[in-house]
Amino acid sequence: MKITGDEYAEVTNLYAYYNLSSDGGTPEEYASCFTLDGILKFNGELFQQGRKALIEFKREDQGGRQGRYRRHWNGSIHLDKLDAGTIRGRCYLQAFNGDPGDEPILSDTAVYEDLIVKVDGYWKFAVRDLAFDFRRKK
């Protein structure tokens, strides 16, 4: 099946909103990018599942930054339409951390493998599997 221009725009907007809400939005905004039972995996292993767990994860993540900023960048977003309500997405991730006013430091590189579904007219991540190439130790 061929993905439409509108679908491509809507899903890439989901990717952007995910990054923005992960970095500086509320934990609820971040979790809203997922289905109600959405799954976040790290290197193929379940990390978090469901909105409540995703909200708590993001709350802890943001609270542990100690005033540092975080920036996510996705590149080479590739989308395959599997059926009318399901898209497989893949992209590269580069994530940076920094103290305000200082140069950012590369903290993570990875590849996302995503299963994206349409729920009540909106595209949501059903599964995000983040395969890390590099993670800077804190």
Side-chain angles (χ1 to χ4, degrees):
M1 295 186 81
K2 188 173 182 176
I3 193 164
T4 69
D6 284 346
E7 290 167 332
Y8 188 85
E10 290 168 3
V11 172
T12 56
N13 196 44
L14 171 65
Y15 276 87
Y17 187 70
Y18 175 91
N19 288 343
L20 292 167
S21 63
S22 179
D23 293 343
T26 68
E28 292 78 14
E29 289 169 327
Y30 166 80
S32 76
C33 296
F34 290 86
T35 60
L36 290 176
D37 61 348
I39 294 171
L40 179 61
K41 294 181 176 184
F42 287 173
N43 296 318
E45 301 208 5
L46 180 65
F47 179 71
Q48 298 292 334
Q49 182 172 7
R51 290 263 175 96
K52 184 178 177 184
L54 291 162
I55 289 169
E56 186 57 34
F57 158 66
K58 190 48 56 180
R59 187 171 286 127
E60 289 175 16
D61 173 57
Q62 290 176 341
R65 293 183 191 163
Q66 302 172 334
R68 292 173 298 171
Y69 62 84
R70 176 101 167 140
R71 299 292 181 261
H72 283 78
W73 296 97
N74 292 143
S76 300
I77 295 174
H78 184 265
L79 305 175
D80 287 314
K81 190 171 182 178
L82 303 179
D83 60 44
T86 310
I87 292 174
R88 177 180 174 254
R90 297 178 67 215
C91 70
Y92 293 130
L93 163 72
Q94 290 184 334
F96 299 86
N97 294 324
D99 291 313
D102 286 350
E103 185 175 337
I105 298 169
L106 180 66
S107 62
D108 305 299
T109 63
V111 176
Y112 275 113
E113 296 269 351
D114 300 311
L115 186 64
I116 305 156
V117 297
K118 199 155 201 181
V119 178
D120 297 329
Y122 296 95
W123 292 102
K124 304 283 183 180
F125 294 112
V127 179
R128 295 209 87 187
D129 190 354
L130 188 56
F132 288 98
D133 303 310
F134 168 78
R135 293 195 85 180
R136 185 173 302 279
K137 295 182 181 178
K138 295 182 182 187

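Excluded from the calculations below are hydrogen atoms, water molecules and symmetry mates; all remaining heavy atoms, backbone and side chain alike, are included. In this text, all values refer to a predicted model and were calculated from it rather than measured experimentally.
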Could you give the side-chain donor-acceptor pairs of residues 126-133 under 3.5 Å, partners two or more places apart or in another chain?
residue: R128; atom: NE; partner: D114; partner atom: OD1; Å: 2.7
residue: R128; atom: NH2; partner: D114; partner atom: OD2; Å: 3.0
residue: D129; atom: OD1; partner: G44; partner atom: N; Å: 2.9

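Y122 shares a hydrophobic cluster with no other residue; no ILVMFWY side chain has heavy atoms under 4.5 Å from its own. Grouped by direct or indirect side-chain proximity (heavy atoms under 4.5 Å, Ile/Leu/Val/Met/Phe/Trp/Tyr only), Y92 sits with V111.
Residues passing the ring-ring contact (aromatic ring centres under 6.0 Å, His included) test with Y112, sequence neighbours excluded: none. For S21, the side-chain hydrogen bond (donor to acceptor under 3.5 Å, both in side chains) criterion is met by no residue, not counting sequence neighbours. For D83, the side-chain hydrogen bond (donor to acceptor under 3.5 Å, both in side chains) test picks out T86, with sequence neighbours left out.
Follow the hydrophobic side-chain contacts under 4.5 Å out from L115 and you never reach I77; the two are in separate clusters. Cluster membership for L93 and I87, using ILVMFWY side-chain heavy atoms within less than 4.5 angstrom, is shared. Placement of I39 and L54 in two distinct hydrophobic clusters is found when ILVMFWY residues are connected by side-chain heavy-atom separations under 4.5 Å, directly or transitively. Criterion: ILVMFWY side-chain heavy atoms under 4.5 Å apart, direct or through other members. Under it, Y15 and V117 are not part of a common hydrophobic cluster. Under the 4.5 Å side-chain heavy-atom criterion for grouping Ile, Leu, Val, Met, Phe, Trp and Tyr, Y30 is not connected to L20 through any hydrophobic cluster.
Judged purely by atom type and a 3.5 angstrom limit, D23 uses its side chain to pair as donor or acceptor with the backbone of H72.
With rounding to the nearest 0.5 angstrom, the CZ atom of F34 is 9.0 Å from the CG atom of L14. Note that the CH2 atom of W123 and the NZ atom of K118 stand 5.5 Å from one another [nearest 0.5 Å]. In this structure, the separation between NZ on K81 and OG1 on T4 is 5.5 Å, given to the nearest 0.5 Å.
E113 has its side chain within reach of R88: a pair of non-hydrogen atoms, C-beta onward, lies under 4.5 Å apart. Inter-residue side-chain proximity for R70 and D108 is flagged as met; some heavy-atom pair is nearer than 4.5 Å.
Salt-bridge check for R51 with E28: failed, with every basic side-chain N at 4.0 Å or more from each acidic carboxylate O.
Using bins of under 30°, 30° to 60° and over 60° for the plane-to-plane angle, the ring pair F42/F57 lands in the perpendicular bin.
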